[in-house]
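Please read the structure below before turning to the comments.
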Amino acid sequence: MESFFSFRMKRVMKTDPDKRPQDVNMSQWQSICYEGQNLLIVAGPGTGKTHTLIYRVQRKIQALSEHQKILAITFTHKAAQQMKERLASRHTNIDEFVFVGTFHSFCMDLLRKYTQDARLPEEFSIITEQQLKSYQSIFFPDEKAQEIRRKLREISHWKSTQLDQDNPEHVQAYNHVLRQWGFLDYDDILRETVLFLTDNEDIAVQISQQYPFIFVDEYQDMNPVQHALLKRIIKKGSQLTAIGDPQQAIYSFRGSDVKFFDQFEKDFPASRILSLHDHYRSAANLLQASQQVISARAACDVPKLVSQIYTKGQLIHHISPTDKAEAEYVVQQIESLMEGTSMFSHDSGRVDETIKPLVSFKDIAVFYRLNHQKKLIEQALFRSGMPYQTSGDCSPGEQMPVYDFITYLKFISGLGINTADLMSLVFLLKAVTKKDQSLTIKEIQASSPQTIYLAQMDAWLDIRRMFRNVEGVQFFWSELRRMETQSRGSNFQEVFDNVMKSQDWNVVLKGNRPWLERLEGLRRRLKKFLTMRSFCDDVLLQRAEDSDDYAVERIHLMTLHASKGLEFPVVFIVGCEDGILPYRREGATDMEEENRLFYVGMTRAQQVLYLTQARKRYWYGKKMMNPVSPFVTSIESALKDMDITPKKQNKFKSTEQQITLF
Amino acid sequence: MKFYADFHIHSHYSRATSKLLNLEHLQYWAQLKGLQVVGTGDFVHPGWLDELKEKLEPAEEGFFRLKKEYANSGPAPVPEKCRGEVRFMLVVEISNIYKKADKVRKNHNVVFVPSFRAADLLQQRLDAIGNIRSDGRPILGLDARDLLEMVLETDPLSFLVPAHIWTPWFSVLGSKSGFDQIEGCFGDLTKHIFAVETGLSSDPPMNWRLTQLDPFVLISNSDAHSPSKLAREFNIFETNFDYPSIYQSLKNKKNKGFKGTAEFFPEEGKYHYDGHRACQVRLTPEETIKQKGLCPVCGKPVTVGVMSRVEALADRSRGEKSARWRPYHSLIPLPEIISEAKGVGPNSKTVQNIYHQMLLKLGQEVYILMDAPINNIEKVAGDLVAEGIRRVRTGDVNIAAGYDGEYGKIQLINQEDRKARAGQLSLF
């Protein structure tokens with residue numbers, strides 16, 4: 001989404017570097033120009049965080065010597081892309097001066113470069129959660145599914161918070177199998193990098209010299225491993241700029257710890273803390289409401305933001321009788337906001353006549369606390385025919401058939417794949433030969449080395465014999481070969497297209513709308529990469545919140561967590577009930593973090609914010625009647641427009657009454 | 001050969017359409033109306049496309065005909081004088097809603113493809129990016145330019161026509177969410193647009209006022225939401241009877257083979273003039289300017305209609321013709337004329353009886369409206385109906401123009417006409 005700032009930025013002309021540009025306010029300017037060693041910028045929502053960062057990065061580019069670069073680390077893949085685009089619009093060859101990426105993409109580059117020194121499997125691959133699920137019997141032979149999930153959560157938490165060399169036994173056992181298969185998991189990427197740099201101080205020094213200026217975004221959501229990584233690559237002479245907002249820390253369940261924010265001055269001496277106060281996103285009354293929400297439960301005083309938006313926004317608190325009615329209400333409101341997406345709704349008077357700003361699909365977002373809440377909203381939207389997209393449920397690499405497709409691409413491009421990746425070929429083979437023969441990963445592993453190249457395939461492995469449909473398999477094999485020959489000498493966009501058009505993939509993709517859609521999505525990002533390898537790595541490094549890259553406009557549906565960093569003219573937060581917001585589960589509920597999450601959601605809205613609530617809903621099959629969310633209650637009533645859909649008249653009752661009349 | 005074609009219609013899979021919009025009813029009504037070529041509508045809808053594949057078979061190139069086993073399962077036998085061959089063409093309307101140049105754009109586009117292969121390809125592409133299952137006319141967040149690109153990639157003979165280009169809410173030049181230029185919408189691909197649809201809300205002279213529309217041939221379709229509304233507007237061809245010939249006659253510079261259109265009186269449309277329905281205020285474009293765009297009753301801005309929009313974009317004066325003008329006929333549907341003559345509603349039994357009598361004895365509706373000798377009509381339907389048709393043919397029609405969602409009101413036959421005839425009758 002093009003923000004207010006990027007729009008204004010384009011108009012900025014090159015001027016005297018010591019003169020404050022028109023689109024920069026005083027406190028932003030102070031942060032941009034700060035020349036001391038380390039800087040922590042406290043930036044509330046809508047205060048022009050990225051805008052300030054970009055100016056500061058630009059300024060630091062002038063200070064680079066030869067062979068030096070700026071390292072800019074963002075929290076999400078999506079944020080990295082946006083930042084790169086904005087920088088690229090003001091600088092040619094931006095890649096020569098700045099590395100913009102997530103912690104993971106930065107570490108991945110390092111690990112690919114030093115695979116052997118880090119003692120990692122050659123051509124290692126990143127395992128997706130989906131794969132973990134399907135191979136769980138290998139990792140945890142004797143455990144029940146629920147127990148495995150718990151263990152995996154525990155391992156992940158351990159890996160992102162502990163840096164001891166001595167892994168507990170169960171982590172060690174799990175890691176052993178993982179490596180045997182040629183896999184790293186998502187947490188390993190950071191952890192292995194930190195361990196590698198600890199053992200190889202010389203390389204850490206090299207990196208610190210290469211990257212004298214380091215920028216870290218969303219500093220409130222750092223976990224201990226990320227923090228350790230920073231400590232390794234920040235040496236004397238490095239300058240760190242961290243930016244974040246402790247009121248938006250929402251990832252403690254993943255191991256993030258806001259304490260790193262608080263101890264910044266201790267960790268990085270010779271530092272200064274500056275803050276940004278002027279708010280440029282939400283209408284003043286919406287900002288006031290969200291400030292009331294965050295102040296009600298914050299551990300310490302919340303710095304006051306000053307709105308610079310002078311239009312009046314709308315905050316609607318709506319109560320529906322049921323969760324289904326809530327979903328219908330959302331769709332009706334969207335239709336009305338769009339001033340009727342169809343002639344039908346316009347002519348039949350379903351759309352009210354008040355004049356509202358025209359909005360388009362991409363201007364509208366619906367947030368929910370938990371993924372399973374979206375089902376009813378999706379159904380209602382589907383019936384309306386309006387286009388929508390969901391993001392935040394699973395990462396691109398986990399969505400069928402992305403991983404398999406990527407594996408295929410790697411394989412025919414001459415890159416190595418690991419044993420488990422062979423399952424992707426088996427998947428395709430099964431689909432093509434229409435044989436439902438089970439070929440387990442164990443059977444494959446028994447006869448194959450850790451890294452497999454197409455060129456050597458015949459020499460040591462023959463899964464052909466394991467399938468009975470010999471002709472089908474033979475054809476499949478010759479196709480693989482043909483694709484490989486064809487891809488030699490073509491650029492990898494052509495390779496991608498060839499695979500998509502190939503007969504085998506056609507069989508799999510035919511009429512499968514979501515699958516096609518995903519591959520179309522991949523195809524669009526392809527041109528940003530120089531090699532097939534970096535493209536494939538990049539796809540697998542993306543997390544759930546990154547997966548909404550579409551060329552068409554749609555209404556956005558996402559979890560509150562995934563909404564971080566985004567902004568929309570119109571926002572709905574559904575399920576504003578105690579039990580959902582805050583989400584109360586067994587064990588302790590972290591009221592403060594839930595409150596911050598709600599605050600993050602509210603502060604995404606620019607003009608219109610709906611907080612909707614249902615008196616009655618079905619929650620995992622049980623009927624539930626919840627009181628209103630305490631977060632909604634902390635907004636004073638003068639700021640909220642109440643809108644209550646009355647319960648429908650019970651038809652049966654009224655006929656009964658009529659009958660008794662006679 | 002000479003033939004009539006109505007391309008843009010809908011199936012029963014579209015919102016707010018008749019349940020009877022199936023191929024059998026279309027075939028039946030096309031014959032009563034006098035059309036030889038009818039669009040299928042809605043071909044990207046999976047249910048409808050399946051029905052089309054099941055019930056149609058290839059005929060002349062790019063044309064399809066109803067298979068024999070379905071051909072006679074219409075609601076009633078077709079009167080002998082109306083019978084004729086009917087061909088179908090694969091056509092769909094898409095609703096595009098998106099932001100461009102920082103403004104919300106909503107426009108409808110009619111897409112033509114010559115084969116099921118091309119239809120499948122387009123369906124697949126659209127299926128991957130949006131919901132094509134809930135509405136026969138899918139609503140997509142897709143830039144119309146990008147839709148055009150996808151269409152062109154399906155087949156060299158596939159093409160796209162911007163639909164009813166003056167409708168305020170949903171069209172390429174509409175006042176509410178349109179562009180000021182066709183090029184603003186289709187950008188670098190504008191050269192692939194060669195026709196635009198005038199829609200019920202405009203007629204050719206209104207479109208001739210804009211030199212920017214000179215490169216496009218003006219076509220007209222009924223946009224029917226029920227089978228009896230077919231042929232409200234249609235196109236006249238005199239060329240070979242197949243899809244490529246239609247394509248060529250629309251595309252070639254001189255539009256050889258395309259003989260013009262039959263049109264609604266645009267004043268009948270719901271948004272012809274400006275005004276406020278609630279305040280019962282109807283304003284011409286000039287009056288609106290005098291009122292500074294405000295309603296004289298309530299003081300709020302009036303809903304601006306099609307005429308005002310045309311005036312705003314026009315660069316030719318009224319009455320001037322475009323260099324590429326085609327002849328056109330202004331028509332009023334026959335049941336409405338009978339209704340006027342008889343002074344009863346168009347759906348009344350009286351009107352329907354006379355209507356079907358006329359079809360039975362005279363032939364197809366379009367023939368009756370345009371070509372049948374007046375005295376033959378008089379013999380079957382009486383002199384008031386004949387007089388009505390004569391007046392429509394000569395353009396002697398009074399219409400109180402529509403505004404702000406209120407349909408325009410036709411007056412063909414007034415009380416005095418009726419009294420005069422009644423007087424004559426009583427003499428006998």
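Throughout, protein chains are lettered first and strands after them, A, B, ... in sequence-line order, and every chain is numbered starting at 1.
Applying the 6.0 Å contact sphere to OH of B/Y407 captures no more than 12 heavy atoms from other residues, nucleotides or ligands. By the 6.0 Å contact criterion, CD on B/Q280 is open, its count of non-hydrogen atoms from other residues, nucleotides or ligands being 12 or less. Crowding of A/K324 atom NZ: a count of heavy atoms from other residues, nucleotides or ligands under 6.0 Å not exceeding 12. In this structure, B/K300 places its NZ atom where only 12 or fewer heavy-atom neighbours from other residues, nucleotides or ligands lie under 6.0 Å away.
Nearest heavy-atom pair across A/G385 and B/S134 is CA-CB, 3.8 Å. When all heavy atoms are compared, the tightest approach of A/F361 to B/G141 is CD1-CA, 4.0 Å. A/M338 and B/I97 get closest at one heavy-atom pair: CE-CG2, 3.6 Å. Here the closest heavy-atom approach between residue B/V104 and residue A/V359 is recorded as CG2-C, 3.6 Å. For the residue pair B/R133 and A/F382, the shortest heavy atom distance occurs at CB-CZ, 3.8 Å.
Within the 4.5 Å cutoff, the side chain of B/I139 has heavy atoms near those of the A/P387 side chain. Here the side chains of B/D143 and A/E553 are not in contact, with every heavy-atom distance at 4.5 Å or above.
Taking CE of A/M386 as the start and OG of B/S95 as the end, the distance is 11.5 Å to the nearest 0.5 Å. Separating the CG atom in B/L142 from the CZ atom in A/R554 is a distance of 10.0 Å, to the nearest 0.5 Å. Taking OG of A/S384 as the reference point, atom CZ of B/R15 lies at 6.5 Å (rounded to 0.5 Å). Atom CD of B/Q124 sits about 9.5 Å away from atom CD of A/E520, to the nearest 0.5 Å. In this structure, CZ in A/R383 is found 12.0 Å from CG in B/N131, a value given to the nearest 0.5 Å.
Remark: side-chain polar atoms of B/K106 are not paired, donor with acceptor, to backbone N or O of A/S360 under 3.5 angstrom.
Only the side chain of B/R125 comes within contact range of chain A, judged by heavy atoms closer than 4.5 Å. For B/K103, no part lies under 4.5 angstrom from a heavy atom of chain A.
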